[in-house]
Amino acid sequence: MTVITRFAPSPTGFLHIGGARTALFNWLFARHMGGKYLLRIEDTDRARSTDAAMQAILSGLDWLGLSGDEAPVYQHSRLDRHAAVARELLARGHAYHCYCSPDELQEMRTEARKLGRTALYDGRWRDRDPSEAPAGVDPVVRLKTPLQGETVIQDLVQGPVTVQNSQIDDFILLRADGTPTYMHSVVVDDHDMAITHVIRGDDHLNNAFRQVQLFQAMDWAVPAFAHIPLIHGPDGAKLSKRHGALGVEAYREMGYLPDALCNYLLRLGWAHGDDEIISRDQAIDWFDLDGVGRSASRFDMAKLDNLNGHYLRESPDEGIVDLILERLEGRPGLALNEQARERIARGLPGVKARAKTLVELADSAAFYAATPPLAMTDKAAALLTDDARALMRGLLEALAEATPWSEDVLEAIVRDHAEQNGVKLGAVAQPLRAALTGSNASPGIFEVLAILGPDEGRARITAIC
RNA sequence: GACCCCUUCGUCUAGUGGCCUAGGACAACGGCCUCUCACGCCGUAAACACGGGUUCGAGUCCCGUAGGGGUCGCCA
């Protein structure tokens, strides 16, 4: 049997971090098993579904490398099929019409709660004769679920989970307007798409028991379930906008690499011994549902940062330069010409070690593209005392001897200049750094001076003298 | 409230009855490297929620308590 998994987001918002992880696990499991990974857009709620959300989700998945193996299935295009299945259930006596009004249902719920029970539909139309139907009321269609016994799910993550059938009510299949509810359409679509493994957030665990009833009523094979724990915010509460409930495109904006985000998400709730840095291929090889933990985990930006820094350093320079230039576009005081590009490319290894995100990378590489006079940070400006400027004027003269203009030669000259003036290297290096980069922190200053070249290097020093 | 699930360092986790004096990673702290900041390297501190069992032996199995989460829509 070929494994078929699916990721089924509803386009009512962006692709958040939890959804991204669910998609990743589905993708990984399918790849690991040599199966297929499908996408389904759950847009039966036409009022809340938006095209923008759908695009955001699709492009987010694409960015993460988690696009479906086939074109996505749009649930709303299958309305007829959903209705047909409901009709069949009706004909087979597994479903019935219910004429309850919203008020009536609400009353039922408050009453149940008052009695200390789960708020369930009490089945009042289950065996009622159709002739009693009130006039002018469009009924909903409800599934006739078993009254006695229990339902057990052998969840691949949670283990065996048992629920009394008395806790499962006759839920709605078709709304009064004839459209299917989520509970109905997932089952029909999972069956029609031949899904073998349903991997999703464990907020759906309770729904699974209802869905099992529907599968059984249709005599359909019940797929395997794997309910993965939710991701919480740093405070242990549900992920909110304040924490990480941002769309994945927000992480892209913040300068995270897709591979880093996937690696982080993979390790959130899943482990393979002590391994931390796991490539995509390695993940496919190792991933299994047994390794998924059963408790919720908290989203930790610091660890994401660390991982991202690692992936940044490992990334080949070529692609990174373009990403930096892209982010530098439009910044004042910069000349993004071919020369700047070359300097950034040369200086990249030195800059990479100092950044955790592409944003930081762009920030710390920006000085290579700056035009004098450079904007100074407060700390850099404080470095340029009168004594320091005098030292810089002297250095300018000493630099006339710099041939070739190489890192080694420049280092020798600067060191010698410090010695000649009876000061420590830092007394020269720091003001020089301020002059060259506008900051008090940067890659090695001899490297910077070498990359800047004689003309630009001198110009920047002159500008602060 | 009812039902379901969960509980190892601050965080992510390893651990499937003896290898645990509980391991790794991030964060924190200290040090080395050093022209700054990083990177890197070395080191320190830090946890089995609690209470009962079962067993020769429990972080690992069972029960209870506490705490946390999820679900209870003609939303998905």
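The sequence lines fix the lettering, A, B, ..., with proteins before strands; numbering per chain opens at 1.
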Open item on the list: So, under a plain 3.5 Å distance rule, would you say the side chain of A/D202 forms a donor-acceptor pair with the base of B/G70?
Closed with: no

Open item on the list: Just to be sure I understand the rule, does A/V161 reach a base, reach only the sugar-phosphate, or reach nothing, if contact means heavy atoms closer than 4.0 Å?
Closed with: sugar-phosphate

Open item on the list: Could you tell me how far B/G10 sits from B/U16 if I compare only their C1' atoms? Round to whole Å.
Closed with: 27 Å

- [ ] Look at all strands and tell whether A/L268 reaches a base, only sugar-phosphate, or nothing, counting heavy atoms closer than 4.0 Å.
- [x] sugar-phosphate

Open item on the list: Strictly below 4.0 Å: does A/R117 bring a side-chain N or O up to OP1 or OP2 of B/C72?
Closed with: no

TODO: May I ask you to say what A/C100 touches in the nucleic acid, namely base, sugar-phosphate or nothing, with a heavy-atom cut-off under 4.0 Å?
DONE: base

Open item on the list: I need the A/L58 CG to A/I41 CD1 distance, nearest 0.5 Å.
Closed with: 5.0 Å

- [ ] Go through the N and O atoms of the side chain of A/N207 and the base of B/A76, and report whether any donor-acceptor pair is under 3.5 Å.
- [x] yes

Open item on the list: Is the terminal nitrogen or CZ of A/R6 (NZ for Lys, CZ for Arg) located under 6.0 angstrom from the six-membered ring centre of A/Y37 and within 45° of that ring's axis?
Closed with: no

Open item on the list: Please name the nucleotide paired to B/A28 by Watson-Crick or G-U wobble geometry with both distances under 3.5 Å, or report none.
Closed with: B/U44

Open item on the list: Only pairs with both distances under 3.5 Å count, Watson-Crick or wobble alike; so what is the partner of B/C50 in this structure?
Closed with: B/G64

Open item on the list: By the 4.0 Å heavy-atom rule, please label A/F446 as base, sugar-phosphate, or nothing.
Closed with: base

Open item on the list: Does B/C37 have OP1 or OP2 under 4.0 Å away from a side-chain N or O of A/S364?
Closed with: no

Open item on the list: Whether the side chain of A/R354 and the base of B/C37 hold a donor-acceptor pair under 3.5 Å is what I'd like checked.
Closed with: yes

TODO: Using the P atom as the reference point in each nucleotide, state the distance between B/C39 and B/C29 in Å, no decimals.
DONE: 13 Å

Open item on the list: Under a 3.5 Å cutoff, is there a donor and acceptor pairing between the side chains of A/D189 and A/H82?
Closed with: yes

TODO: Please determine, for B/A22, whether a Watson-Crick or G-U wobble partner exists with both distances under 3.5 Å, and give it or none.
DONE: none

TODO: Would you kindly check whether a donor in the side chain of A/R113 faces an acceptor in the base of B/C72, or vice versa, at under 3.5 angstrom?
DONE: yes

Open item on the list: Just N and O in the side chain of A/T181: are any of them under 4.0 Å from OP1 or OP2 of B/A76?
Closed with: no

- [ ] Could you tell me whether the side chain of A/R433 has a donor or acceptor atom within less than 3.5 Å of a complementary atom in the base of B/C35?
- [x] yes

Task: Mate of B/C35 where both pairing distances stay under 3.5 Å, Watson-Crick or G-U - done: none

TODO: Round to a whole Å and report the spacing from CD1 of A/I172 to C1' of B/C74.
DONE: 4 Å

Task: Phosphate OP1/OP2 of B/C39: any A/K356 side-chain N/O under 4.0 Å - done: yes

Task: G-U wobble or Watson-Crick pairing nucleotide for B/C74 (cut-off 3.5 Å, both distances) - done: none

- [ ] Looking at every strand, decide which applies to A/G293 at a 4.0 Å heavy-atom threshold: base, sugar-phosphate, or nothing.
- [x] nothing

TODO: Would you indicate what A/R267 reaches in the nucleic acid, counting non-hydrogen atoms under 4.0 angstrom: base, sugar-phosphate, or nothing?
DONE: base

TODO: State whether the side chain of A/R460 and the backbone N or O of A/A435 hold a donor-acceptor pair below 3.5 Å, judged by distance alone.
DONE: no

Open item on the list: With a cut-off of less than 4.0 Å, is there a side-chain N or O of A/R48 near OP1 or OP2 of B/A76?
Closed with: no

Task: Cationic N near anionic O, under 4.0 Å, A/E132 to A/R128 - done: yes

